[in-house]
Amino acid sequence: MLSEFDLIKHFFHRERPGRPDVALGIGDDCALLAPTPGRQIAISSDMLVEDRHFFAGADPFMLGHKALAVNLSDLAAMGARPIAFTLALALPRADEAWLDGFSRGLFALADEHDCELIGGDTTKGPLNICITVFGELAPGHALRRGAARPGDDIWISGTLGDARLALAGYWKEVELSPEAHAQAAPRLHMPTPRVALGLGLAAAPIAHAALDISDGLVGDLGHILAASSVGATLDVDALPAGPALARQDHALRRRFTAAGGDDYELCFTAPVARRAAVLEAAALAATPVTRVGTIETAPGLRLVDAHGVPLDLGLTGWDHFSGS
Ligand code: ADP
Ligand code: MG
């Protein structure tokens, strides 16, 4: 049986040198960061809880990926460059096969973004994965939720709804063909944090407000509207459906693109005059973007169809406490 220290050493402590701005990594009471002088540090935590955020018995490689991906997604939504992260892990037992898969999934994504694991905590308990990420950005460049302005375009990165469609398949809400499932499931289990796009949108700066869509677009966009004291009109038929959802019926497409969940795409606003700059940043980041609405002075979110006709879809975002 692995001791706690062996476990950390074997699965999480890697050979240094790592990043130059990590002055001290795993092994002491604290890690030490040496951020670029004059930059601000962006910090965010996200926790994944068994039976709440993932099914018991979920694939450990994909869990390792997702636990870090949802955190990197927050850095992306702020326009911050990833530096490092900590990992607080509660495990029911020291299962080496599980730890091997989990750490491989975790480090595959970490290495892709040059984000270094610098510490954490390990304890016995019901499976629970909490990561805190650290990134940096130039003061004044953060893509804050309160920065949307009337007249801004509303943009979405990538596609929406396939993660929710995969979940609908598991829940037997929808009958999915094996092909549709194979296409949709990676969007649920292996989300892609839009780090390069977030950096591009913040650097120039191009975008005003941004957030990552984790609980469904309609609910999450509501956070930008509230923080910015503005309203919006959203063209539901312009929302880019994921490839599996695109083959489902129109009503389901509307529902899952507008209020799915687990998309981890960016929703951002930018001035009309910056449309070309948005498209250029998207091309540089190799991430497609779609214009889906407009920020307005009148409060509230107005959903319309492709002809501008108001829609009442009775949609709300995902709320972990109300469970709807
Ligand atoms: P402490 O008793 O100070 O909490 P620990 O004995 O828990 O320290 O951890 C020893 C070292 O291992 C620390 O540097 C800590 O940050 C690191 N560590 C513990 N758990 C993890 C983990 N799951 N991933 C990465 N580093 C970890
Ligand atoms: Mg500890």
Side-chain angles (χ1 to χ4, degrees), residues 1-36 39-76 78 80-136 189-193 195 214 264:
M1 195 64 177
L2 280 178
S3 77
E4 177 188 336
F5 298 103
D6 291 339
L7 184 159
I8 296 163
K9 187 158 171 262
H10 191 78
F11 292 103
F12 298 115
H13 195 167
R14 300 205 294 174
E15 284 306 311
R16 294 196 37 85
R19 293 178 56 107
D21 48 4
V22 175
L24 186 65
I26 291 174
D28 215 312
D29 299 307
C30 290
L32 298 174
L33 294 183
T36 313
R39 294 277 164 143
Q40 292 180 334
I41 300 286
I43 304 170
S44 181
S45 293
D46 252 309
M47 181 153 62
L48 295 189
V49 176
E50 188 171 68
D51 287 330
R52 182 75 219 177
H53 300 99
F54 58 90
F55 302 117
D59 179 87
F61 183 93
M62 294 198 277
L63 267 183
H65 173 101
K66 186 164 181 176
L68 182 58
V70 301
N71 278 278
L72 291 174
S73 179
D74 284 317
L75 290 183
M78 209 63 173
R81 183 180 298 284
I83 297 175
F85 66 105
T86 60
L87 167 68
L89 200 55
L91 297 170
R93 73 197 76 82
D95 177 338
E96 293 193 38
W98 189 93
L99 281 157
D100 180 61
F102 177 82
S103 59
R104 281 189 298 106
L106 183 80
F107 285 125
L109 185 64
D111 291 348
E112 202 179 301
H113 294 278
D114 193 17
C115 190
E116 188 171 335
L117 178 60
I118 56 168
D121 199 20
T122 309
T123 179
K124 197 173 164 122
L127 185 56
N128 189 316
I129 306 156
C130 182
I131 286 180
T132 299
V133 277
F134 303 84
E136 68 172 28
H189 302 304
M190 300 276 287
T192 305
V195 174
S214 52
Y264 298 101

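All values below were derived from every heavy atom in this structure, side-chain atoms included, with hydrogens, water molecules and symmetry-related copies excluded. Both ligands and their constituent atoms are indexed starting at 1 by order of listing.
The distance criterion of under 3.5 Å between nitrogen or oxygen atoms is not met by Phe12 with respect to ligand 1. At under 3.5 Å, a nitrogen or oxygen of Gly27, whether backbone or side chain, sits near a nitrogen or oxygen of ligand 1.
Only side-chain heavy atoms of Leu117 come within less than 4.0 Å of ligand 1; its backbone N, CA, C and O stay farther off. Only side-chain heavy atoms of Ile8 come within less than 4.0 Å of ligand 1; its backbone N, CA, C and O stay farther off. Residue-level proximity to ligand 1 for His13 is absent, since no heavy atom of it falls below 4.0 angstrom.
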Tell me, with the steps shown, if His189 and Phe54 meet side-chain contact (heavy atoms from CB on, under 4.5 Å). CA-CA 9 Å; His189 302 304; Phe54 58 90; over 6 Å; no
Would you please test Leu48 and Asn128 for side-chain contact (heavy atoms from CB on, under 4.5 Å) and show each step? CA-CA 6 Å; Leu48 295 189; Asn128 189 316; over 6 Å; no
Candidate pair Leu89 and Asp121, rule side-chain contact (heavy atoms from CB on, under 4.5 Å), full reasoning: CA-CA 6 Å; Leu89 200 55; Asp121 199 20; over 6 Å; no
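Salt bridge present: Arg14 and Asp111 bring a charged side-chain N and a carboxylate O closer than 4.0 Å.
Against a heavy-atom cut-off of under 4.0 Å, Phe5 is close to the following atoms of ligand 1: 6 (O). Of all atoms in ligand 1, listed by their number and element, those nearer than 4.0 Å to a heavy atom of Ile26 are 12 (O), 14 (O), 17 (C), 25 (C), 26 (N). Each of the atoms 7 (O), 19 (C), 20 (N), 21 (C), 23 (N) of ligand 1 lies under 4.0 Å from some heavy atom of Asp121. For ligand 1, the atoms closer than 4.0 angstrom to any heavy atom of Asp28 are 13 (C), 14 (O). Each of the following atoms of ligand 1 lies closer than 4.0 Å to a heavy atom of Glu4: 7 (O).
Of the candidates Ser103, Gly120, Ala90, Gly120 brings a heavy atom nearest to atom 16 (O) of ligand 1.
Applying the side chain to side chain contact (heavy atoms under 4.5 Å, CB included) test between Phe102 and each of Phe11, Phe107, Phe12 identifies Phe12 as the sole match. Applying side chain to side chain contact (heavy atoms under 4.5 Å, CB included) to Ile131 and the options Val70, Leu117, Leu106, Asp46 leaves one that passes, Leu106.
Judged purely by atom type and a 3.5 angstrom limit, Arg19 has no side-chain atom pairing as donor or acceptor with the backbone of Ala84.
Annotation: Met190, atom CE; neighbour count of heavy atoms from other residues, nucleotides and ligands within 6.0 Å is above 12.
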